[in-house]
Q: 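I am attaching a structure below and will ask some questions about it afterwards.
Numbers here are sequence positions counted from 1.
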Amino acid sequence: MAEHLHIREGHLNLLLNLLHEHLPGVEAWAYGSRVSGRSHDGSDLDLALRGTELDEIPFDQLATFNEAVRESNIPFLIEAHDWTRIPARFHQEIERQHIPLNRKAYGQQ
């Protein structure tokens, strides 16, 4: 698993708040270039969203989250994907190198 997410603290706090508000109970994993260290300022942030019991996340709930992210002041694209809709061949790679995003891990309640 990766050690560090390449994202500014203020943007991370905003993202954690949006996840908490719009996707309560959903586990979010960051993966891709912002986890591997191969990112630059304009790189997107890839998120794998894992519903409770790995249930599918309703489209309307995911759409509401994506809209809130677009309306936020986070200056880069966030690609949020429901784990159940990510092709299974990618699961192992994401599991190998990801960072769980939750408020408790970052000292928030």
Q: To the nearest 0.5 Å, how far apart are CG in Leu62 and NE2 in His22?
A: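 One gets 12.0 Å once the value is rounded to the nearest 0.5 Å.
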Q: Please check: side-chain N/O of Ser43 versus main-chain N/O of Ser33, any donor-acceptor pairing under 3.5 Å?
A: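 Side chain of Ser43 to backbone of Ser33, a donor-acceptor pair under 3.5 Å: no, none is there.
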Q: So, the side chain of Arg50 versus the backbone of Val26: is there a donor-acceptor pair under 3.5 Å, distance only?
A: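 Side chain of Arg50 to backbone of Val26: no pair is present.
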Q: Within the 4.5 Å heavy-atom criterion, are Glu56 and Asp82 side-chain neighbours or not?
A: yes
Q: Counting only heavy atoms not in Asp60, do more than 12 sit closer than 6.0 Å to its CG atom?
A: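 Check passes, neighbour count above 12.
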Q: Heavy atoms only: give me the nearest Leu19-Ala28 pair and the separation to one decimal.
A: CD1-CB, 3.8 Å
Q: Do Ile94 and Leu15 belong to the same hydrophobic cluster, where Ile, Leu, Val, Met, Phe, Trp and Tyr are linked whenever their side-chain heavy atoms lie under 4.5 Å apart, directly or via other members?
A: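 Ile94 does not cluster with Leu15.
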Q: Could you tell me the separation between the CD1 atom of Ile78 and the CG atom of Asn66, rounded to the nearest 0.5 Å?
A: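 Answer rounded to 0.5 Å: 9.0 Å.
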Q: So do the side chains of Leu12 and Leu101 get within less than 4.5 Å of each other, counting heavy atoms only?
A: yes
Q: Strictly by ring pair (Phe, Tyr, Trp, His ring centres under 6.0 Å), give each pair with a member in residues 26-67 just once, sequence neighbours left out.
A: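 For residues 26-67, and leaving out neighbouring residues, the ring pair (Phe, Tyr, Trp, His ring centres under 6.0 Å) pairs sorted by first residue read Trp29-Trp83, Trp29-His98.
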Q: Is it true that a side-chain atom of His91 and a backbone atom of Ile86 form a donor plus acceptor pair closer than 3.5 Å?
A: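 Yes: the side chain of His91 pairs with the backbone of Ile86.
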Q: Could you pull out the closest heavy-atom pair between Leu18 and Ser72, with the gap in Å?
A: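 That closest heavy-atom pairing would be CD1-CB, 4.1 Å.
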Q: Rounded at 0.5 Å granularity, tell me how far CG in Asp41 sits from CZ in Arg8.
A: 6.0 Å
Q: Any heavy-atom pair between the side chains of Asn102 and Leu16 that's under 4.5 Å?
A: no
Q: Partners of Arg89 by side-chain contact (heavy atoms from CB on, under 4.5 Å), sequence neighbours excluded?
A: Pro87
Q: Can you tell me how far apart CG (Leu14) and CD (Glu9) are? Round to the nearest 0.5 Å.
A: 12.5 Å
Q: Please check if atom CZ in Arg85 has more than 12 non-hydrogen atoms from other residues, nucleotides or ligands closer than 6.0 Å.
A: yes
Q: Distance-only, no hydrogens or angles: does the Glu79 side chain make a donor-acceptor pair with backbone N or O of Leu45 under 3.5 Å?
A: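 Checking the backbone N and O of Leu45 against the side chain of Glu79, no donor-acceptor pair under 3.5 Å is found.
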Q: Quick one: does Asn17's side chain have a donor or acceptor within less than 3.5 Å of a partner on Asn13's backbone?
A: yes
Q: State, yes or no, whether a side-chain contact exists between Leu23 and Leu49 at a heavy-atom distance under 4.5 Å.
A: yes
Q: State, to 0.1 Å, how close His6 and Gly37 come at their nearest heavy-atom pair, and which atoms those are.
A: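 Heavy atoms of His6 and Gly37 come nearest at NE2-CA, 3.5 Å.
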Q: Mark yes or no for whether Arg34, through its side chain, and Leu5, through its backbone, hold a donor-acceptor pair below 3.5 Å.
A: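 A pair under 3.5 Å: no.
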